[in-house]
Protein chains: 2
Amino acid sequence: MEEKEISQAVISRLPRYFRYLSELRDAGIERVSSQELSDIMKVTASQIRQDFNNFGGFGQQGYGYNVEFLYHEIGKILGLDRTHHLIIIGAGNLGQALANYVNFERRGFLFRGLFDNNPKLYGKKIRGIEVQPMENMEVFVKENNIDIAVLTIPKAEAVTVAEQLVEYGIKGIWNFAHVDLNVPENIQVENVHLSDSLMKLSYNISRFEIDSAK
Amino acid sequence: MEEKEISQAVISRLPRYFRYLSELRDAGIERVSSQELSDIMKVTASQIRQDFNNFGGFGQQGYGYNVEFLYHEIGKILGLDRTHHLIIIGAGNLGQALANYVNFERRGFLFRGLFDNNPKLYGKKIRGIEVQPMENMEVFVKENNIDIAVLTIPKAEAVTVAEQLVEYGIKGIWNFAHVDLNVPENIQVENVHLSDSLMKLSYNISRFEIDSAK
DNA sequence: AAAATAATGTCAATGAATTGACAGAGTCTT
DNA sequence: AAGACTCTGTCAATTCATTGACATTATTTT
């Protein structure tokens, strides 16, 4: 079983394929060709075939791809066939918003715990789950088989807390703190730097105005 | 004035440079070489020089870069020297969380309005700003010189609302709805697809486990 | 059942992004 | 003020990603 490393460029496109396939599926469509997908998604058919082929042949010549099958295969590749247990560290506005976001459960991401170091929040319930002090994290992570931690705390604390979580045995961190975490290679980090994203938007707005002034 | 198109790959890195420069600046550091930045940021010195050079020479041979100057230049490139007026459409948990996020103001992104179509929310105040019905959007956008709309509404509505906003004269959309918007070329869209991000994390966790089992 | 059609999987070509190398400009030391 | 040193800006080389082309295999039609 030869394994070639798959680039993050490809991985980044998978969720989008997954989303479109889910829509086709809901619409009751059974088969789809790379050309059809290409038209809908506005990417080249070649790229679609190339991307899918990284994981082996999901299609059939002369037929195309079976929507249901492809949908499930991509789901499996993305690890959506298994259940993840996640905790949220930081029960501020963003932490609470994420805790309330029910859709993640549909994909197997189960919200299990919510932590903060503000005593005023202790005991407050979100979707049935109480805010706990951060001292409880260690025991909670170990006893509840938590694999993902969502960091929605200020950057000053984020680096230290991340290191602790790694010690407790977490496997991945979804990082909303505006700082680069310092964790071992074997721990996966996915950053959501909202202000970076907003700055990119700002750049593109400015650039467009400059360009069109010419 | 020759203008070469700058790739989004470069743009995506600018906010991170900006962040590190801001930290160096706060630490009172006056100058920095591409090699030093390289060590701190874990990217190649060559890339740093290449990136900065897209916008003209900010450094000096034998000296390096002046932190303060570089910080401001990058800020200008990102359009942070001007003020943006933004409204948030969708006063649910995420919309409220973003509305409460004060740090954006520091960078010139001023939160001006909050809209929803749930009457129960009308009049609710966040940071002094009342939730308004979405029918008010058109007049509000035009009268208040709004250039950025933040979409935190369900995907079913997002596409239509985005089209309306474009008509009203918005220049950029920060899209948190899990759908691809359909807007003209001259309107900038920056997507924040949280579930895509979570799926990527999931993939990387799964992949690492598979890899290390070998 | 054969011919025509459709569409994948894959190889090759192109294009984009990153890295490496170094000449030359500027700084620092003595 | 001269020489040693530093570090950028930039060109070239390399690596990575995307696109194009097509042989092959399956499907559909007649």
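Below, chains carry the letters A, B, ... as their sequence lines are ordered, and counting in each starts from 1.
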OP1, OP2 of [N] versus side-chain N and O of [X]: anything below 4.0 Å?
X: A:Thr44; N: D:dT19; value: yes
X: A:Tyr65; N: C:dG9; value: yes
X: B:Ser34; N: D:dT8; value: yes
X: B:Arg31; N: C:dC28; value: yes
X: B:Ser7; N: C:dA17; value: yes

Using a strict threshold of under 4.0 Å (side-chain N to carboxylate O), is an ion pair present between [Y] and [X]?
X: A:Arg19; Y: B:Asp180; value: yes
X: A:Arg13; Y: A:Asp51; value: yes
X: A:Glu138; Y: A:Lys142; value: yes

Separation of atom [atom1] in [X] from atom [atom2] in [N], rounded to whole Å:
X: A:Gln60; N: C:dG9; atom1: CD; atom2: P; value: 9 Å
X: A:Tyr63; N: D:dT27; atom1: OH; atom2: P; value: 9 Å
X: A:Glu5; N: D:dC16; atom1: CD; atom2: P; value: 11 Å
X: A:Phe69; N: C:dT8; atom1: CZ; atom2: C1'; value: 14 Å
X: A:Gln61; N: C:dT8; atom1: CD; atom2: C1'; value: 4 Å
X: B:Arg13; N: C:dA16; atom1: CZ; atom2: P; value: 16 Å
X: B:Gln35; N: D:dT6; atom1: CD; atom2: C1'; value: 12 Å

When the aromatic ring centroids of [X] and [Y] are compared, is their separation below 6.0 Å?
X: A:Phe104; Y: A:Phe111; value: no
X: B:Phe115; Y: B:Phe140; value: yes
X: A:Trp174; Y: A:Phe109; value: no

Could you list the donor-acceptor pairs under 3.5 angstrom formed between side-chain atoms of residues 56-65 of chain A and any protein atom two or more places apart in sequence or on another chain?
none

What are the residues of residues 19-29 of chain B, sorted by number, that bring a heavy atom to within less than 4.0 Å of DNA chain C? none

Among residues 47-56 of chain B, which contact DNA chain C at a heavy-atom distance under 4.0 Å? B:Gln47, B:Arg49, B:Gln50

Using the ring-ring contact (aromatic ring centres under 6.0 Å, His included) rule, take B:Tyr71 and B:Tyr17 through it: C-alpha gap first, then chi angles, then the decisive distance, then the call. CA-CA 8 Å; B:Tyr71 172 79; B:Tyr17 291 131; over 10 Å; no

So which one's nearest nucleotide on DNA chain C is more toward 5', B:Gly62 or A:Val32?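 On the 5' side of the pair lies A:Val32.
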
Do other residues, nucleotides or ligands put more than 12 heavy atoms under 6.0 Å from the CD atom of A:Gln8?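 Atom CD in A:Gln8 is crowded, with more than 12 foreign heavy atoms closer than 6.0 Å.
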
